[in-house]
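Below: one structure, written as structure tokens.
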Protein chains: 2
Amino acid sequence: MTMIERPEVDLALSKARLRLWLRLLGVARLVESELRERLRGLESTLPRFDVMAALHRAPDGLKMTELSSVLRVSNGNVTGIVDRLEQEGLATRTPVEGDRRALLVRLTPAGVESFAVLAAHHEAWVNELLGDVTREEADHLNEQLQVVRHHLMHPETKA
Amino acid sequence: MTMIERPEVDLALSKARLRLWLRLLGVARLVESELRERLRGLESTLPRFDVMAALHRAPDGLKMTELSSVLRVSNGNVTGIVDRLEQEGLATRTPVEGDRRALLVRLTPAGVESFAVLAAHHEAWVNELLGDVTREEADHLNEQLQVVRHHLMHPETKA
DNA sequence: GCATGAAGCTTTAGGCTTGAAATAATATCG
DNA sequence: CGATATTATTTCAAGCCTAAAGCTTCATGC
């Protein structure tokens with residue numbers, strides 16, 4: 001196998017990847033800002049929705065640290081978002097049995113109800129915004145992005 | 001052609017689109033946070049980089065409003081970012097001939113120099129982060145995203 | 001027991017982001 | 001010309017976000 005020995009840089013490939021990243025970022029921001037705007041009409045935000053979604057998936061509650069690691073945001077950040085959810089009666093912080101440092105965050109019944117409404121709208125909006133993407137395209141794109149994601153999280157240990 | 005007459009909702013398709021969106025958002029955030037962290041090492045941020053990139057593409061300068069419309073962020077936002085760039089001597093605001101409301105923002109020589117360094121690192125980082133994406137994959141993904149983007153910005157006028 | 005370090009959470013400072021309100025200058029129209 | 005609307009920009013309040021520092025509690029080892 002005559003492979004090229006560590007070419008300095010493949011300029012065209014580098015540019016192609018840069019284009020891909022810029023396009024990816026652009027699409028993400030476009031959808032994100034549209035969703036943010038629509039959520040605003042329901043008195044909510046994307047970060048709050050994310051937290052509520054995580055809590056909804058964990059009916060037994062999540063500790064603050066678990067929440068921040070699931071959402072991949074800083075712990076200080078979660079504090080603020082949960083503060084607001086708590087103020088509005090959508091979530092509660094309860095002590096954890098046997099560890100006075102930790103707090104278990106849970107959705108209240110009102111929080112569950114609110115989330116159901118938000119989630120239904122959210123899915124419908126995404127379905128609308130990506131309304132021209134066919135099933136095949138969606139699955140294919142999804143698979144490709146899955147590969148990119150995998151490589152991002154588990155970089156090949158290259159020579 | 002016996003097509004199904006306006007099915008209420010294609011649930012599986014809706015879910016597929018939702019998965020696609022969540023995956024897209026996840027990948028974007030992953031790359032974004034990595035880039036943010038690395039830029040921090042160069043005393044910069046992604047928003048500043050974006051502004052500088054826009055200014056670099058427009059050697060004759062951009063008005064604040066043009067800047068905010070190119071970057072698709074609010075005008076109040078641009079004010080703050082340009083403020084900081086100006087403080088650090090990387091950009092200037094100069095009056096516009098014949099319109100005392102407007103200001104032309106330009107990179108200073110120091111700004112141009114700083115941007116060159118940032119841009120080189122930025123491209124190398126993206127190239128590294130997407131290092132497992134082949135030329136073919138990059139181009140193909142890019143094309144597909146281009147289609148999604150197009151549809152987002154020009155929604156089909158459906159019956 | 002008790003010191004030392006780790007774990008869980010909040011606070012803080014600084015920057016980004018938006019939408020809305022405030023200012024100032026220009027443009028339009030009667 | 002003068003009233004009104006539009007345009008360019010900034011300011012403001014509120015929320016999001018991070019890294020770093022601080023506080024409390026737990027675990028470990030002596």
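Every chain is numbered from 1, with letters handed out A, B, ... down the list of sequences.
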Run the salt-bridge test on [X] and [Y] with the 4.0 Å N-O cut-off and return the result as yes or no.
X: E88(A); Y: R48(A); value: yes
X: K15(B); Y: E123(A); value: yes
X: D50(B); Y: R29(A); value: yes

So, is [X] close to the [N] phosphate, meaning a side-chain N or O under 4.0 Å from OP1 or OP2?
X: T65(B); N: dT9(D); answer: yes
X: T45(A); N: dC16(D); answer: yes
X: N77(B); N: dT18(C); answer: yes

Contact class for I81(A) (heavy atom, under 4.0 Å): base, sugar-phosphate, or nothing?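 If one applies the 4.0 Å heavy-atom cut-off, I81(A) turns out to touch the sugar-phosphate alone, with no base involved.
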
When all nucleic acid strands are considered with a 4.0 Å heavy-atom cut-off, which category describes R48(A): base, sugar-phosphate, or nothing?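 Sugar-phosphate, no base atom in range.
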
Interatomic distance where [atom1] belongs to [X] and [atom2] belongs to [N] [whole Å]:
X: R72(B); N: dT17(C); atom1: CZ; atom2: C1'; result: 16 Å
X: E37(B); N: dG15(C); atom1: CD; atom2: C1'; result: 16 Å
X: E32(A); N: dC16(D); atom1: CD; atom2: P; result: 13 Å
X: L35(B); N: dT18(D); atom1: CG; atom2: P; result: 15 Å
X: L103(A); N: dC9(C); atom1: CG; atom2: C1'; result: 7 Å
X: L67(A); N: dC9(C); atom1: CG; atom2: C1'; result: 12 Å
X: L39(B); N: dG15(C); atom1: CG; atom2: C1'; result: 14 Å
X: M64(B); N: dA24(C); atom1: CE; atom2: C1'; result: 15 Å

Please assess R38(B) against E34(B) for the test salt bridge (Lys or Arg N to Asp or Glu O under 4.0 Å), listing each intermediate value before the final yes or no. CA-CA 6 Å; R38(B) 296 188 183 197; E34(B) 184 64 30; 2.9 Å; yes

The side chain of T79(A) lies closest to which of these nucleotides: dT9(D), dT11(C), dA20(C)?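 Per side-chain heavy atoms of T79(A), the pick is dT11(C).
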
If you assign each of A102(A) and R40(A) to its closest nucleotide in DNA chain C, which residue comes earlier from the 5' end?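 So the residue in question is A102(A).
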
How long is the gap from CG on L90(B) to CE on M52(B), to the nearest 0.5 Å?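 Going from the CG atom of L90(B) to the CE atom of M52(B) covers 5.0 Å.
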
Report, as yes or no, whether the 6.0 Å neighbourhood of atom CD on Q146(A) holds more than 12 heavy atoms from other residues, nucleotides or ligands.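 Yes, CD of Q146(A) has more than 12 neighbouring heavy atoms, counting only those of other groups under 6.0 Å.
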
Students often mix this up, so state it plainly: with edges at 30° and 60°, are the rings of F115(A) and H56(A) parallel, tilted or perpendicular?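 Rings of F115(A) and H56(A): tilted, 30 to 60°.
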
Positions of residues 82-101 of chain A (non-hydrogen atom under 4.0 Å from DNA chain D), listed by number: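 Contacts with DNA chain D under 4.0 Å: R84(A), D99(A), R100(A), R101(A).
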
